[in-house]
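Notes follow once the structure below has been shown.
Chain letters run A, B, ... following the sequence lines, proteins first and then strands; every chain starts at 1.
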Amino acid sequence: VSDAGGSHDAGRPDDARARQTARHAAGPDDAPGRPAAGEADRVQAPFARRVLPVMANEPLGAYRVLRLADPGAPAPEPGQFAMLAAFEHWGAGEDERPYLPRAFSIARVRRGEAHYLIEDVGPGSRRLCELAPGDSVWSLGPLGRGFAPPRERRRAILAGGGAGVAPLAILQDALLVNAPHDLPARGDPPGGPAWPPGEAPTVLLGFRDAARARGATLLDDAQIATDDGSVGHHGRVTDLLARELERDAHATVYACGPAAMLEAVRALCAARAVPAQLALEAGMACGFGACFGCVVPTRDGYARVCVDGPVLDAAQLERVA
Amino acid sequence: VNVRFCGLELAHPIVNASGTFDALAAARAFGAQLRERFPFAAFVSKTITLRPRAGNPPPRLWETPAGLINSIGLPNRGLDGYIEHDLPALAALLDGLQPWVIEDRRMGDLGVGGAPLHPPPPPRPFVPLITNVMGSTAAEIATLLERCQQRPEIAAVELNVSCPNVNTGLDIGADPAQLEAVVREVRPRLTKPLIVKLTPNTADVAACAQAAQDGGADAVSLINTLRAMALAPADPAGGPRRPWLGGGSGGLSGPAIRAVALAQVQAVARRVSIPIVGMGGVQSGAHARDLLDVGATLVAVGTESFRDPAAGARIAWELAEL
């Protein structure tokens, strides 16, 4: 549920060669590893919350990177999320909150540890920011539908804003796993359909200020924009995106960030007939379709961000509100 | 541990509160494990109305001290959509299920999957389907009950009476005389058990329970959510404060309402002789025990399932161990 109390908030170790073999074995180019009809359309979560030890919780500019040991979990797809709550002292904080768990995109899985990018915006995220090694976290996941591989040999452009850069890190890992490129993936191979070999993605990230722009270090080779001009381009990440699409529009755009940014990305891509996949944020109570609280309007009526998303095809949306 | 409720044989006394667990969505999220470990002894559907409803505009949720206000607005496919699409899928999901009771609330310590079943699986069918319906007139409710009567997949019907009367604007379930008249009028359409889900937003819930019993209900369930609201942050440009929820107001649930639920269930149990499904803020076996000890036959788990999808199984196990 909304952590701001107002606005919306919101693997396995292997050597690279073994990963490559495994990915290629999963299927050939076009839509490799896509589930057959009747099979699951996502990596599914175990039907139980897990108690996971905190391995680290380190500051990254204005954010923290929370690392939880989760070696037995299914490898998540890029874009999937987990519902997190501190094992102890969840509740009875300021205003007797938090009460419900909070949804966080899985930023990366590395050596069996799941990484989350947390910004202190309310009682739930504040409590998670306090945790230290020795503490534990309730985790339910991976949940939701993630990003799908690009089609028609389109190049991938990743556009992120603020804490929304998190799912783009694991997405970059997925895109690099089979890319004939010098850049090594920083995380374990993701689950779900195998990602076809392609060039390394273009990464465009926007932040409010320099402290938040430190979040860009979760990804490699990022072009940065800041609202205050303290780092990189002085302006919006969508300025960078417009420039990239001007240069070469044979692309698929993968975006995550605040609603206003996603709406700008949607409009830019729609005007140029560029396919876009948007990872949405919404206040959520459960994360698995039980509460019907996290809906967004789509062309087919309301969709639940938690089970129908969080990644939606931009074409499904009239606009991002 | 088996419980008899309105002629149904249940593996344990824990069911879900209507609208707090979507078994079909959970099957998408959790796959086969949901079938292997179904957390409730009977499954109660979300509310079905005669015509489809989109639900309320977002935002639909607001976290409170130890609770949640929701303003979901009963989205559903409508009676035809439910019968054609959801019912076959639900029946397939629930067919042959054995309710699962986990061994330890700290699943992470045990690893996933090693938990033994408790109690031993009873013979099929294990998880009966209770369909929750709501109508704004007796005629609408009669149609809903008739269609449920025709479907063998449905074991019982729960009638949500927290619906404004189209003529008076008052909730049907808030006025004992009106409630009794409606239940009496629709009762002949259903030979299956009829559970009336009472509203707590009334002057005298025991009088409403009595009215439901007099009208012919086989059981009552309570409490539904308490009417509540939250304000959006002040507009810096000034002007009156607006409600946060898209629907204006909503219903409060969670541990914040547990003590209210206990008092209302006790008041109802002292008044009626039909069985009671008690609910409201239940998070543990001890909370369920409280409701049973003041007269409930079954206990429903609602908001706690949002925090822990297997909460029903955990609570059933804790209850058995008390």
Side-chain angles (χ1 to χ4, degrees), chain A residues 1-3 5-8 40-42 44-53 70 72-73 83 85 87 90-92 95-101 122-124 136 138-141 143-145 282-297 301-302 304 306-308 321, chain B residues 16 19-34 36-39 46 54-68 70-75 100 102 105-113 115 232-233 244 254-256 303 305-311 313:
Chain A
V1 93
S2 166
D3 205 30
S7 63
H8 286 291
D41 62 352
R42 69 196 66 199
Q44 292 171 321
F47 185 55
R49 296 188 298 174
R50 304 186 289 285
V51 181
L52 306 179
D70 197 8
M83 300 300 290
F87 183 71
W90 191 258
D95 194 25
E96 303 297 324
R97 295 168 64 213
Y99 163 61
L100 296 158
S136 297
W138 284 116
S139 173
L140 179 73
L143 295 166
R145 299 193 67 180
M284 262 175 215
C286 67
F288 53 93
C291 76
F292 285 78
C294 62
V295 295
V296 290
Y302 287 125
R304 282 172 282 182
C306 66
V307 283
D308 302 321
Chain B
N16 65 297
T20 62
F21 196 93
D22 180 338
L24 299 178
R28 291 166 68 194
F30 303 114
Q33 282 198 3
L34 178 69
E36 293 158 13
R37 305 168 168 196
F38 199 75
K46 63 186 172 183
N56 289 341
R60 291 177 168 186
L61 302 174
W62 177 266
E63 187 180 78
T64 71
L68 171 70
N70 81 77
S71 174
I72 308 298
L74 306 174
W100 173 68
I102 61 175
R105 60 189 303 176
R106 289 192 58 164
M107 284 300 294
D109 289 349
L110 300 174
V112 174
W244 166 257
T303 310
S305 295
F306 297 164
R307 292 163 29 112
D308 172 6

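- Contact annotation for B:Ala256: neither backbone nor side-chain heavy atoms come within less than 4.5 Å of a heavy atom of chain A.
- Using a 4.5 Å cut-off between heavy atoms, A:Ala85 makes no contact with chain B at all.
- Here CG of B:Leu61 is found 5.0 Å from SG of A:Cys291. Values are rounded to the nearest 0.5 Å.
- At distances below 3.5 Å, not a single donor-acceptor pair connects side-chain atoms of B:Glu63 with backbone N or O atoms of A:Pro98.
- For A:Ala290 against B:Thr20, the heavy-atom pair with the smallest separation is CB-O, 3.5 Å.
- Ranked by non-hydrogen atom pairs under 4.5 Å with chain A, the options B:Gly19, B:Gly55, B:Ala66 are led by B:Ala66.
- Of the two parts of A:Phe288, the backbone and the side chain both hold a non-hydrogen atom closer than 4.5 Å to a non-hydrogen atom of chain B.
- Across B:Ala27 and A:Gln44, no two heavy atoms sit closer than the pair O-NE2, 3.5 Å.
- In plain terms, the two heavy atoms of B:Phe30 and A:Pro46 that are nearest each other are CD2-O, 3.6 Å.
- Neither the backbone nor the side chain of B:Asn16 comes within contact range of chain A, judged by heavy atoms closer than 4.5 Å.
- Heavy-atom pairs under 4.5 Å with chain B peak, among A:Leu52, A:Leu140, A:Val296, at A:Leu140.
- Counting heavy-atom pairs closer than 4.5 Å to chain A, the top-ranked of the candidates B:Pro57, B:Gly254, B:Ala232 is B:Pro57.
- For a residue to count as touching a neighbouring chain, one of its non-hydrogen atoms must lie under 4.5 Å from one of that chain's; by this rule B:Thr64 touches chain A with the backbone only.
- Looking only at side-chain heavy atoms (C-beta outward), A:Asp308 and B:Arg28 come within less than 4.5 Å of each other.
- Nearest heavy atoms, B:Pro255 versus A:Tyr99: CD-OH, 3.1 Å.
- Contact tally against chain B (heavy-atom pairs below 4.5 Å) for A:Gly293, A:Cys294, A:Gly289, A:Gly287: the top residue is A:Gly293.
- The two atoms that bring A:Phe292 and B:Lys46 nearest to each other are CZ-NZ, 3.1 Å, heavy atoms only.
- Nearest heavy atoms, B:Arg60 versus A:Tyr302: NH2-CD1, 3.5 Å.
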